[in-house]
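Since the model is a prediction, treat every value here as computed from it, not as a measurement.
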Amino acid sequence: MRSPSEVGAEAVPLVRPLPADTFCPQSRRRFVLIAAILASALGFIDGSILAIATPAIRVDLGASFAETQWISNAYALTLSALILVGGAAGDRFGLRHAFVAGIALFIAASLACAVAPNPPMLIAFRAIQGIGAAIMVPGSLAIIAKAYPKKERGRAIGIWAAASALTTALGPVLGGVVLSAFGDGIWRVIFAVNLPLGLVSIYLLLAKVPADAPTEKRSLDLGGAALATLAFGALAYGLTSMSTEGEGQMSGPSIAAGAVLLIVFIVFERRQREPMIDLSLFRVGAFAGANVATFFLYFALSANLFYLPMLLIAGWGLSAAEVGFIFLPLSVLIALLSGPVGQWSDRIGPRFPIASGSLVVAVAFAGLALLAYAGIHSFWWGVFPLMALMGLGMALVVSPLSTAVMTAVEDKDTGAASGINNAVSRIGGLIAVAAMGSLAAWVYAAALNSGAASGIPGFGEPAPDVDAARLAASDAAFAAVALVTALLCLLSAIVAWTTVSGERLPWPRGSEAPQR
């Protein structure tokens, strides 16, 4: 899936070093590539359009604010907790078998989401969808890498990446047009469209692609996966319930339980012979720093891309068709600039690109906060340019961050390092939606109460009516979210500058640099 919180996350490939030979004859490789592109499109389209469709889902199903958060978080929770196990499943059972199983589970859960009668059922089906994605997401890129010999692999992955960027960019735009044209109930089609795409992908894999042999008989760390799911689920529930009427008293115990379970998970992983996460990698300062920077940056990105569409559609009254364009500059700029920025990073080291890109993103989010706080409701001359600035910052970060993660560890650990970093970005999104939702709800209530008495502070004249007061309170709530995330991006820049290497990296690692 590529939800908004995952834009750019695939720049850190979740693959292990593979042998030079390939299980797939040359005449069949194009079917592997087509199937991988279609399967990736499932998640990318589903995730990016869902952000635009969230207000429609909330209205159509009568979902509460907390339920709306969990429609996103249920998927993010199972995906982030199980993605490393999903990658290991491909090693153990063969990539084709695991990939097909992940796609099948994903589309079955998608159909269940399409007919969900109420928010709790939709949340449950979204969690199952995340399990399917945890197997499907790492399999998509890994099966391309295993099917193509080394000399052809780069071109194939480039085609996959370009197609991924295209679907990520166009998905929200097309979805917004459909939602605007057909009304709130059409959100169900977003999930149903996964069926034909998934069936074609499964047909190509089973009918046109030979089965690959498992690369290693690894044990699946199901105990670690269960502990991770419980730990992050408890943390997310506690953060979400802080602002939920009638459940606020559960926030403290839930957060405490999540913290305890997280400690138990760490102890459990340290004692495993084949752990889901190799915690010893975090002893490497550059690796730990790159992952802290990743967490802050993707926390900020996820929070804004989840709550901004809700503000624009439900608060400002914009159409879903207009709001769909906010994802366009992010996807396009990452697609266009990641290659040149990666080459720049190779020449000067990843520290400066990551730090400077994080600062650019911080400025963009601070601009969104100022725009909302001032009550300036300009999409094309306010929000859209700031989203383009944010896209530029992320384009500066994505490729160098991948480089920093992969080069901080030994060559034999690059697969594990990329998987951990991928999971960290998704966990950042999970915690962001939960924590920033509580902040937004608290600020909204405070601003609304203040506005009812004497006008909203910082918004000029006293609110003349209830609708204006609610709009001002919504602006204040999002301004708080955007300001906090801007500060987190600033922290990301500081962490990157103090921990990530600022030296030119060997090319390739462990060998002499090429002659120029």
Worksheet entry | Heavy-atom side-chain proximity of M394 to L297 below 4.5 angstrom | yes
Item to complete: Report the distance from atom CD1 of I326 to atom CG of L386, rounding to the nearest 0.5 Å.
Response: 11.5 Å
Item to complete: For residues Y75 and A133, report the shortest heavy-atom separation together with the two atoms involved.
Response: OH-CB, 3.2 Å
Item to complete: Please step through side-chain contact (heavy atoms from CB on, under 4.5 Å) for the pair W442 and M242, ending with a clear verdict.
Response: CA-CA 9 Å; W442 181 80; M242 288 175 66; over 6 Å; no
Fill in: Stepwise side-chain contact (heavy atoms from CB on, under 4.5 Å) check, Y298 with R426
CA-CA 8 Å; Y298 280 91; R426 298 172 193 279; over 6 Å; no
Worksheet item: Among L328, L330, L305, whose side-chain contact (heavy atoms from CB on, under 4.5 Å) with M387 holds?
Response: L305
Item to complete: Spell out, as yes or no, whether a donor-acceptor pair under 3.5 Å connects the side chain of E269 to the backbone of I277.
Response: yes
Worksheet, complete the sentence: Scanning both residues in full, the closest heavy-atom pair of W316 with I376 reads CH2-O, 3.5 Å
Item to complete: Indicate yes or no: at least one non-hydrogen side-chain atom of H377 is less than 4.5 angstrom from one of D475.
Response: yes
Worksheet item: Could you give the distance from CG (L301) to SG (C489), rounded to the nearest 0.5 Å?
Response: 8.0 Å
Worksheet item: Donor-acceptor pair, R126 side chain versus I71 backbone, under 3.5 Å?
Response: yes
Practice prompt. Decide yes or no for N304 and F478: does some side-chain heavy atom of the first lie under 4.5 Å from some side-chain heavy atom of the second?
Written response: yes
Worksheet item: Sub-3.5 Å donor-acceptor pair from the side chain of Y148 to the main-chain atoms of R29, do we have one?
Response: yes
Worksheet item: For A290, does its backbone N or O pair with a side-chain atom of T294 as donor and acceptor, under 3.5 Å?
Response: yes
Worksheet entry | Separation between CG of N422 and CG of N291, rounded to the nearest 0.5 Å | 10.5 Å
Worksheet item: Checking S140 side chain against V137 main chain: does a donor-acceptor pair fall under 3.5 Å?
Response: no
Worksheet item: If you draw a 6.0 Å radius around CH2 in W380, do more than 12 non-hydrogen atoms from other residues or ligands fall strictly inside?
Response: yes
Practice prompt. Kindly say whether W497 contributes a backbone atom to a donor-acceptor pair with the side chain of R351 at under 3.5 angstrom?
Written response: yes
Discussion item. So T54 and P309, do their side chains get closer than 4.5 Å, heavy atoms only?
Written reply: no
Worksheet item: Do S80 and F232 have side chains that get closer than 4.5 Å, going by heavy atoms?
Response: no
Discussion item. On a heavy-atom basis, which atom in A39 and which in I103 lie closest, and how many Å separate them?
Written reply: CB-CD1, 3.7 Å
Discussion item. Using 0.5 Å steps for rounding, measure from the CG atom of L262 to the CG atom of L230.
Written reply: 11.5 Å
Discussion item. Can you classify the ring geometry of W344 versus F352 as parallel (below 30°), tilted (30 to 60°) or perpendicular (above 60°)?
Written reply: perpendicular
Fill in: T403 vs S345, side-chain hydrogen bond (donor to acceptor under 3.5 Å, both in side chains): CA-CA, chis, key distance, verdict
CA-CA 8 Å; T403 300; S345 175; 4.5 Å; no
Discussion item. In terms of relative ring orientation, are W70 and Y237 parallel, tilted or perpendicular, with 30° and 60° separating the classes?
Written reply: tilted
Worksheet item: Does N73 reach the main-chain N or O of A76 with its side chain, forming a donor-acceptor pair under 3.5 Å?
Response: no
Worksheet item: Taking the side chain as C-beta and beyond, is there a heavy-atom pair between L396 and V361 under 4.5 Å?
Response: no
Fill in: Main-chain N/O of A432 paired with S302 side-chain donor or acceptor, under 3.5 Å
no
Worksheet item: Does any N or O in the side chain of Y373 come within less than 3.5 Å of the main-chain N or O of L368, such that one atom is a donor and the other an acceptor?
Response: no
Discussion item. Ignoring hydrogens, what is the shortest heavy-atom contact between P350 and P353? Give both atom names and the distance.
Written reply: O-CD, 3.3 Å
Worksheet item: Taking the side chain as C-beta and beyond, is there a heavy-atom pair between F365 and L487 under 4.5 Å?
Response: no
Fill in: Value rounded to 0.5 Å, distance of CD1 in I131 from OG1 in T78
5.5 Å
Worksheet entry | Rounded distance [0.5 Å steps], CE in M276 versus CG in L84 | 5.5 Å
Worksheet entry | Minimum-distance pair of heavy atoms, taken over all atoms of G391 and L333 | C-CD1, 3.7 Å
Discussion item. Listing request: all side chain to side chain donor-acceptor pair (under 3.5 Å) pairs with a residue in residues 354-370, at least two apart in sequence or in separate chains.
Written reply: S358-S492
Item to complete: Identify the heavy atoms of T240 and S438 that sit nearest to each other, and give their distance.
Response: O-OG, 3.6 Å
Worksheet entry | Aromatic contact, F325 with F384 (centres under 6.0 Å) | no
Worksheet item: Do the non-hydrogen side-chain atoms of F306 and T68 ever get within less than 4.5 Å of each other?
Response: yes
Worksheet item: Do the side chain of T485 and the main chain of A300 share a donor and acceptor less than 3.5 angstrom apart?
Response: no
